[in-house]
Colleague: 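The following block contains the structure, expressed as structure tokens.
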Amino acid sequence: MASNPRIANPVRSAFSPGERDDTVVVSIGPSHPATHGTIQIFAEMDGERILRADVHCGYLHRGFEKECESHTWHNCIPYMDRLNYCSPLINDFAYCDTVERLMGIEITRRAVVLRTLLSEYSRLCDHLTCIAATLMELGAMTAFLYLVMIRDYMYEHIAALTGARVTHSYGRIGGLANDLPPGWLPRLEEILVQYDDFMGRVHGLVDRNRIFIDRMRDVGVLSQADALSYGYTGPMLRSTGLAIDVRKDTPYLAYPELDFEVPVGIKGDNYDRYYVRAREMDESVHMIRQCVDLLEDGPINVDDRRCTFPEKPLVYGEIESLINHFKLVMEGPRVPAGEIYVAHEGANGELGFYLVSTGEGVPYKVHCRAPSFVHMGGAHLMLEGYQLADLVPTFGSINMIGGECDR
Amino acid sequence: MGAEVFDRIQSRLADGEEEGQSTPGQARVPAGVSHGILVLDLAPGAVAGAARALKQEFGFDVFLDVTAVDWPGQEPRFEVVWHFYSTAHKVRVRLKARVAEASPAVPSLTALYGSAAFMERECHDMYGIVFEGNADMRPILLYEGFVGHPLRKDYPKEREQPLVPYREGFEERG
């Protein structure tokens with residue numbers, strides 16, 4: 001039998017064992033049962049306390065940006081779903097919005113409201129996943145099952161609209177893939193009522209639970225100054241007490257018309273991050289209901305031959321539409337030359353797309369400013385000085401998503 | 001509010017050359033506002049000064065992103081792009097600088113922003129841009145021993161550099 005070849009180590013720790021004789025360097029991950037997400041942490045331990053942490057990501061790197069450069073603007077959309085796979089619709093809409101602004105397209109009213117509604121619905125799923133996973137890792141199995149049950153209702157409900165549970169590919173440049181199926185909005189209200197019920201039970205189970213507070217309060221504290229310096233955005237930054245939200249500060253979609261608050265924390269510890277997310281979910285539900293009221297009949301795609309596919313009967317029936325369809329599929333939508341950066345409020349923070357076009361049907365460059373990646377750059381601040389066991393709730397409350405972190 | 005701070009930044013950083021002053025961030029071409037973002041095109045040596053002025057004088061406290069664009073055939077070949085956000089003014093600024101393939105070096109912003117450490121490592125991985133002053137340039141999304149910079153246009157998409165050797169009978173591509 002041939003001996004196994006020696007496989008090189010993909011990472012190099014920032015500190016080597018043996019610098020001090022009273023510490024131990026522990027390698028945690030990249031696939032550790034207590035950390036959901038493929039991340040490797042080298043921790044220099046003094047007993048149970050982490051002195052230094054060196055965080056490595058990249059295990060899910062799959063060349064997203066390189067791959068986009070050889071696909072048409074439309075064909076990149078499925079890749080967007082796979083960035084933050086807990087809230088794929090936000091990625092879809094952020095990318096489509098960026099391309100549309102570069103093309104100078106204004107989407108229809110119904111598409112604006114539907115995108116806003118679905119962005120908030122996606123944020124709700126993402127926060128549910130984050131809180132559920134954090135609670136499960138702390139042993140709160142009941143709360144986990146309550147939340148994941150609601151999330152699964154939502155996944156199936158979104159699947160009824162988009163055809164897929166997780167990777168929806170629902171955004172289109174100039175609009176959306178399809179309109180709401182019959183009965184979708186009544187079912188939405190049913191789910192929101194159940195969400196309120198079950199989230200209430202979770203609050204009752206954990207908010208004032210001694211075990212939960214001991215694991216979360218004053219653990220993984222991130223100061224506001226550090227959060228800003230390390231580029232933190234989203235719930236992480238807001239948990240330090242700063243009300244910064246792309247939806248309020250540089251509004252997009254229908255957010256200027258919606259009534260919502262930006263919840264903030266007090267001191268940026270794990271408990272604050274849990275609570276900010278929980279409050280944000282309530283705000284999302286409030287926004288979803290407002291969007292349902294704002295929704296009016298109308299087309300979901302703009303009537304623009306540069307990006308919108310013609311109706312199928314026309315493709316089969318007239319030569320102009322056939323050529324239009326052919327050009328859009330084979331060459332892709334022509335996006336005027338230029339560069340643009342557009343940010344949406346992703347579930348984890350500022351999700352930015354920097355696109356460069358040379359006027360072709362294929363992007364010259366697609367760069368994603370992924371909040372998870374930036375957050376990993378400062379993750380050591382929340383780990384150092386705490387116990388090794390605190391790594392579990394702290395890492396859970398950061399909600400690192402491998403898909404967007406490693407791209 | 002955004003337009004007013006853009007004017008002040010422009011008169012401080014961009015128009016210095018025309019007035020013949022030696023300001024820290026001399027722009028190579030006139031600045032402009034593109035899709036709501038102020039764009040300043042700078043010489044590589046002026047980036048650190050401009051970033052310091054943005055942070056300390058204009059309140060751009062969040063360093064959002066750094067990446068590069070590869071323009072093979074053009075000289076200088078790489079365009080390094082930084083994005084900053086001000087939580088006070090709620091606006092974004094983009095800095096750009098061109099660097100040549102022979103010496104793709106720009107100053108690191110690690111002294112100003114903690115987030116620079118990780119993001120500069122990624123840009124170094126992908127484009128081979130050297131951030132002078134960032135002591136930690138280990139691979140971050142790539143792995144130790146990876147040859148080349150995959151987002152450069154001359155890096156073939158199909159090239160594979162497996163760490164785990166292929167089994168016998170599998171042909172290596174690229």
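Worth saying up front: this structure is predicted, and the values here are computed from it rather than measured. A, B, ... follow the sequence lines: proteins, then strands. Residue 1 opens every chain.
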Colleague: Please classify the contact of A:D54 with chain B as side chain, backbone, both or neither, using a heavy-atom distance under 4.5 Å.
Modeller: side chain
Colleague: Rounded to the nearest 0.5 Å, how far does OG of B:S115 lie from NE2 of A:H375?
Modeller: 10.0 Å
Colleague: For residues 43-65 of chain B, pull every pair meeting salt bridge (charged side-chain N to carboxylate O under 4.0 Å, His left out), keeping only residues two or more places apart or in separate chains.
Modeller: B:R12-B:E57
Colleague: With a strict 4.5 Å heavy-atom criterion, list every residue of residues 339-347 of chain A that contacts chain B, or say none.
Modeller: A:E339, A:I340, A:Y341, A:A343
Colleague: Within the side chain of A:Y364, is there an N or O that forms a donor-acceptor pair under 3.5 Å with the backbone of B:D70?
Modeller: yes
Colleague: What are the two closest heavy atoms between A:G231 and B:V62, and how far apart are they?
Modeller: CA-CG1, 4.0 Å
Colleague: Considering only heavy atoms, which portion of A:L102 lies under 4.5 Å from any heavy atom of chain B: side chain, backbone, both, or neither?
Modeller: both
Colleague: Using heavy atoms and a sub-4.5 Å threshold, report which of residues 135-146 of chain B line up against chain A, by residue number.
Modeller: B:R138, B:I140, B:L141, B:L142, B:Y143, B:E144
Colleague: Please flag which part of A:V356 lies under 4.5 Å from any non-hydrogen atom of chain B: side chain, backbone, both or neither.
Modeller: side chain
Colleague: Side chains of B:Y85 and A:V246: does their closest heavy-atom pair fall under 4.5 Å?
Modeller: no
Colleague: List the atom of A:H367, the atom of B:T67, and the distance in Å for their closest heavy-atom pair.
Modeller: ND1-OG1, 3.6 Å
Colleague: Below 4.5 Å, heavy-atom pairs only: which of B:V69, B:L112, B:L64, B:V81 has the largest tally toward chain A?
Modeller: B:L64
Colleague: Heavy-atom distance under 4.5 Å to chain A: side chain of B:L163, backbone, both or neither?
Modeller: both
Colleague: At a 4.5 Å cut-off on heavy atoms, which part of A:E350 comes close to chain B: side chain, backbone, both, or neither?
Modeller: side chain
Colleague: Chain B heavy atoms under 4.5 Å from A:Y59: which part of the residue, side chain, backbone, both or neither?
Modeller: neither
Colleague: Listed by residue number, which members of residues 116-131 of chain B have a heavy atom under 4.5 Å from any heavy atom of chain A?
Modeller: B:F118, B:M119, B:E122, B:M126, B:Y127
Colleague: Is the shortest distance from a Lys or Arg side-chain nitrogen in A:E69 or B:K157 to a carboxylate oxygen in the other one below 4.0 Å?
Modeller: no
Colleague: Give a yes or no on whether the backbone of B:P150 and the side-chain of A:K66 come within a donor-acceptor separation of less than 3.5 Å.
Modeller: yes
Colleague: Tell me if the CD atom of A:E261 is crowded by more than 12 foreign heavy atoms within 6.0 Å.
Modeller: no
Colleague: What part of B:T87 lies closer than 4.5 angstrom to a heavy atom of chain A: side chain, backbone, both or neither?
Modeller: both
Colleague: For A:I244, is there any backbone N or O sitting under 3.5 Å from a side-chain donor or acceptor partner on B:K90?
Modeller: no
Colleague: Measuring heavy-atom distances to chain A, does B:Y113 have an atom under 4.5 Å in its side chain, in its backbone, in both, or in neither?
Modeller: both
Colleague: Please check if the side chain of A:K365 supplies one atom and the backbone of B:A68 the other of a donor-acceptor pair under 3.5 Å.
Modeller: yes
Colleague: So what's closer than 4.5 Å to chain B heavy atoms on A:D226: side chain, backbone, both or neither?
Modeller: neither
